[in-house]
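Note that the structure is predicted; figures quoted are calculated from it, not measured.
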Amino acid sequence: MVISLMNPVGGALAQLLSPTVGSPRFSVLILGIITTVVAFAALLLDDKPPSPPTYAGSKTPPPVMETFRSALGLARPEEKDRAMTFQERLDFGILTWGFGILVGVLSAFSILVAQVYGPYGYNSDTSGILGAALFIAGLVGAIITAPLFDRVFTHQLALTLHVVIPIIGGAWLGLAWAVKAHGLVPSYVVLVIAGFGSFMLLPVALELACEVTRSAEFSSSAMWFTANALTVFFVLISDDLRASETANPPANLNKQLILQGACALSLAPLILFIKGKQVRRELDERERLRDEARTANAEAISPPSGSVFIEDLPSQLLSRKSMTEDSKDSSAAETLKVEALVVEENVHYRLYRRRFVGVTALCLLNILGGMSGLWFSAISLDMLNPAGPLPLSIQNLRRLSITNQLAQQHQERHLHRLRIHDTLGATELNATFFSGYLALQCIFAAGVQVISGWLRYAGTAKSLSPNGTFALFLLAQFGTGVSQPFFQTLIPRYSEAWFGLKGRVTATMTMSLMNPVGNAIGQLLSPIGTVRTSILILAIITTVVAPVGFAMGERPPTPPTLAGSKDSPSVSETIRKMSWRERWDFAVLVWGFGVLDGVIEALTTLVAQVYEPYGYDSTQSGFLGAALLIAGIVGAVVTAPLFDRVFTHRLALTVKIIVPSLGVCWLGYIWTVSNEHSLAASYAVLVIVGFASFTLLPVALELGCEVTRNAELSGAVLWLSANFFGLLFVLLSGAFKAGPTANPPYNLRNQLIFHAACALSISPMALFIQGKQVRREMDEQEQARDTAEQAGQATSS
């Protein structure tokens with residue numbers, strides 16, 4: 001605590017001394033002299049004491065990369081015995097994020113305090129006193145509570161976080177209203193509470209991070225890095241959140257305070273998931289008790305005179321003792337390895353509740369990917385406005401987009417939504433660098449999403465030229481396009497690794513539906529405010545959601561099924577082991593999945609252009625698209641549990657029935673659009689199409705895993721096909737659009753005929769699918785064997 005507090009003390013001393021020592025040149029000279037004198041104190045530091053004070057102090061910290069891999073759940077086999085558990089990784093992720101938020105809010109406020117209170121008529125002296133109150137209350141809080149955590153509440157660090165963080169969050173949120181109050185008393189009260197609580201938590205959070213990681217160097221580095229990064233973020237964003245000169249009062253920072261308060265308060269539900277088991281302290285206390293017992297025994301058996309102390313023992317005896325202890329440790333390690341092998345041979349499959357944490361994380365990340373994909377479709381016209389905040393040219397906007405064309409009323413120019421589907425690139429990255437690492441794939445893709453989000457926001461800077469804006473947007477869109485398919489292709493493999501036979505299809509369905517849900521959310525939220533504000537909102541949402549990638553578990557300690565215990569084979573090995581029949585089935589699945597998904601994506605993108613020539617406005621078109629989406633979600637939610645528990649061996653039969661029915665529906669849809677008197681027929685067909693298509697989504701993904709026995713490869717190839725056909729159908733719409741002399745002008749009837757022809761072409765091929773579920777049969781055999789073994793053990797016992 002004492003050492004950690006010296007950094008803010010140094011900041012306060014610098015602010016006090018720098019204005020009082022003369023000119024800036026002389027002030028910098030004074031700083032140089034102080035630095036030169038104080039720097040020699042580093043020579044007084046010792047590496048470590050001759051005898052360690054605790055068991056933890058006697059251990060050499062593991063390499064940073066080893067702890068980093070452990071924090072991501074990617075520990076190597078030889079590191080498994082000292083790797084972090086899933087709960088410890090979750091604790092460390094929440095601690096790092098919470099520490100960064102609270103320190104960032106505190107530091108940003110201390111920097112901006114004069115700008116916060118200046119618009120309300122308070123001078124810099126008053127603002128300085130308020131900052132000093134925050135700082136002094138923090139020092140008092142830390143000095144009072146740190147000894148208590150050392151001697152009284154030694155095992156209550158996690159409980160302290162559960163209690164104090166909601167109070168701090170409420171205090172920072174309340175500051176937004178305290179600033180506007182008449183008088184400074186509310187501000188003093190709020191700042192004293194925030195300072196006392198924040199400084200009290202500073203050593204608690206650092207200590208608890210050391211406990212869960214067993215590496216003080218790595219934990220403190222990660223936490224202070226996050227704190228400094230978020231401090232910079234809060235300070236930089238203050239200009240964008242500053243009110244205008246016409247506000248009351250002018251140029252106030254009330255939005256900044258609300259953002260900081262909301263960020264601090266958002267930690268309250270997260271912090272409840274921290275368990276904070278203090279393993280390091282437990283080991284230290286156990287070793288201390290053992291050492292005291294040894295000392296007591298030595299005193300009891302030693303002669304009253306001529307006693308020999310440990311310091312007087314020959315070094316040979318000490319080295320012999322250490323060699324004996326090393327051999328015991330080695331023997332214990334070998335015993336653990338043998339026991340692990342025995343457990344592996346007699347494994348009993350089981351499910352873990354934590355699997356739902358990963359499902360939630362993948363759902364949120366797929367929503368995020370869907371939002372990023374369609375965020376710009378509703379604000380494309382604003383981005384083309386020469387007088388707007390982002391005056392992009394039509395040529396640059398076309399270059400930025402390759403998947404969607406949005407028509408302006410009564411014009412022949414086309415806008416494309418800002419989305420790049422680089423699924424092929426994501427698949428190659430997946431296979432080359434991240435094969436088998438579910439958590440690392442998730443973290444990588446989430447990190448790219450965050451970087452892309454802030455690159456977009458950087459592109460909105462008013463000082464940039466249109467070409468500079470275009471360059472940053474292009475780079476951001478490329479990153480978004482590369483990262484989004486990671487979330488899609490992870491779904492089948494995660495379901496296989498964590499879920500049993502009665503939950504795989506439902507889990508796949510739930511996570512797969514989140515991408516279209518994200519599309520809908522993106523279209524609803526993006527028109528909020530100006531283009532610059534809209535892009536800022538997307539960047540903030542991305543930054544808040546992305547850390548859930550750290551909650552992804554690599555794989556459970558005990559697999560749920562036989563398939564879940566196996567690593568995914570390579571591409572060449574997968575193809576080599578597939579029979580000719582399985583290759584045919586997979587090829588039909590890839591073609592059919594791509595066509596049916598591409599047709600739906602193209603229709604939802606072009607629905608306004610399909611109905612506009614017949615006199616329907618964009619609102620009516622939007623309702624039709626919503627009917628398709630809602631019917632699909634209902635269909636998937638209703639049918640997925642049935643495929644898990646009732647129609648478990650009827651996946652191929654389902655494909656043979658539904659695919660021809662969808663082809664007929666798409667064919668009939670051509671005439672329903674031409675019905676100028678009613679939309680009832682269009683609603684009926686789209687509801688059927690949505691229900692059936694979304695029902696097939698998890699079925700096709702699951703059947704692809706069955707025939708390939710490789711969830712990663714099958715998911716990646718199926719989504720690659722879907723994105724390719726979605727892109728193809730949208731790009732072809734310009735060629736299929738009728739001319740101005742057609743009846744009605746500019747209709748897309750030829751596009752709908754092409755959609756129907758492609759959908760119908762799958763029907764005869766789908767009838768020849770055999771779809772033998774080899775993976776499920778093997779899992780069921782292993783499950784029956786495991787049940788029989790457990791029953792035999794229960795009977796014998």
Side-chain angles (χ1 to χ4, degrees), residues 68 71-72 89 92-101 103-105 108 222-223 225-237 240 259-260 262-263 266-267 270 360-376 418-420 422 425-426 429-430 433-434 437-461 471-488 490 514-515 518 521-522 525-526 532-552:
F68 180 69
L72 298 182
R89 296 199 302 271
F92 182 61
I94 296 174
L95 280 172
T96 304
W97 180 250
F99 186 85
I101 288 287
V103 174
V105 168
M223 295 179 76
F225 174 81
T226 306
N228 293 330
L230 288 174
T231 299
V232 173
F233 164 74
F234 284 129
V235 173
L236 290 180
I237 208 174
D240 296 301
L259 172 65
Q260 294 181 179
C263 290
S266 68
L267 300 174
L270 281 179
T360 304
L362 270 178
C363 286
L364 291 174
L365 291 172
N366 271 285
I367 289 174
L368 180 63
M371 288 173 56
S372 301
L374 272 183
W375 190 267
F376 295 100
L418 294 173
R419 185 178 182 183
I420 291 182
D422 198 354
L429 281 172
N430 189 339
F433 299 107
F434 305 117
Y437 294 103
L438 299 181
L440 187 57
Q441 292 179 49
C442 212
I443 294 166
F444 169 79
V448 173
Q449 286 274 0
V450 173
I451 294 171
S452 300
W454 290 108
L455 279 176
R456 278 194 214 97
Y457 183 65
T460 64
L472 288 176
F473 268 64
L474 182 64
L475 185 60
Q477 288 306 112
F478 179 79
T480 300
V482 167
S483 60
Q484 181 180 343
F486 276 90
F487 305 135
Q488 294 175 320
L490 277 173
M514 293 304 106
N515 193 272
I521 294 175
L525 294 182
S526 59
R532 182 179 174 87
T533 302
S534 175
I535 295 174
L536 175 61
I537 290 173
L538 176 60
I540 293 174
I541 293 174
T542 304
T543 307
V544 171
V545 173
V548 303
F550 288 96
M552 278 284 295

field: Side chain to side chain, Phe487 and Leu364, heavy atoms closer than 4.5 Å
entry: no

- request: Tell me, with the steps shown, if Asn228 and Val232 meet side-chain contact (heavy atoms from CB on, under 4.5 Å).
  value: CA-CA 6 Å; Asn228 293 330; Val232 173; 5.7 Å; no

query: Where is the tightest heavy-atom contact between Val450 and Ala546, given as atom of each residue plus distance?
result: CG2-CB, 3.2 Å

- prompt: Can you find a pair of side-chain heavy atoms, one from Phe233 and one from Trp454, that are under 4.5 Å apart?
  reply: yes

message: With heavy-atom distances below 4.5 Å as the criterion, would you say the side chains of Val103 and Met223 are in contact?
response: no

- prompt: Is there a side-chain contact between Ile367 and Ile521 (heavy atoms, below 4.5 Å)?
  reply: yes

- prompt: CD1 of Ile540 to CD1 of Ile237: how many Å apart, nearest 0.5 Å?
  reply: 4.5 Å

- prompt: Can you tell if the side chain of Gln449 reaches within under 4.5 Å of the side chain of Phe444, non-hydrogen atoms only?
  reply: no

Spacing of CZ belonging to Arg89 relative to CD1 belonging to Ile94, to within rounding of 0.5 Å: 13.0 Å

query: Quick one: CG on Leu259 to CG on Asp240, what's the gap to the nearest 0.5 Å?
result: 11.0 Å

task: Compare all side-chain heavy atoms of Leu365 with those of Cys442 and state whether any distance is below 4.5 angstrom.
output: yes

message: Contact between Arg532 and Tyr457 at the side-chain level, heavy atoms closer than 4.5 Å - yes or no?
response: yes

- request: State the OG1-CD1 distance between Thr480 and Ile451, to the nearest 0.5 angstrom.
  value: 10.5 Å

Heavy-atom closest pair, residues Gln260 and Ala108: OE1-CB, 3.6 Å

message: Quick one, Thr226 and Leu230 - any side-chain contact, counting heavy atoms below 4.5 Å?
response: yes

message: Return the CZ to CZ distance between Phe92 and Phe99, rounded to the nearest 0.5 Å.
response: 11.0 Å

field: Shortest non-hydrogen contact from Ala476 toward Arg456
entry: CB-CG, 3.5 Å

message: Tell me the closest heavy-atom pair linking Asn515 and Gly369, and the distance in Å.
response: ND2-C, 4.3 Å

- line: Value for CG (Leu472) from OG (Ser452), rounded to nearest 0.5 Å, stands at 11.0 Å

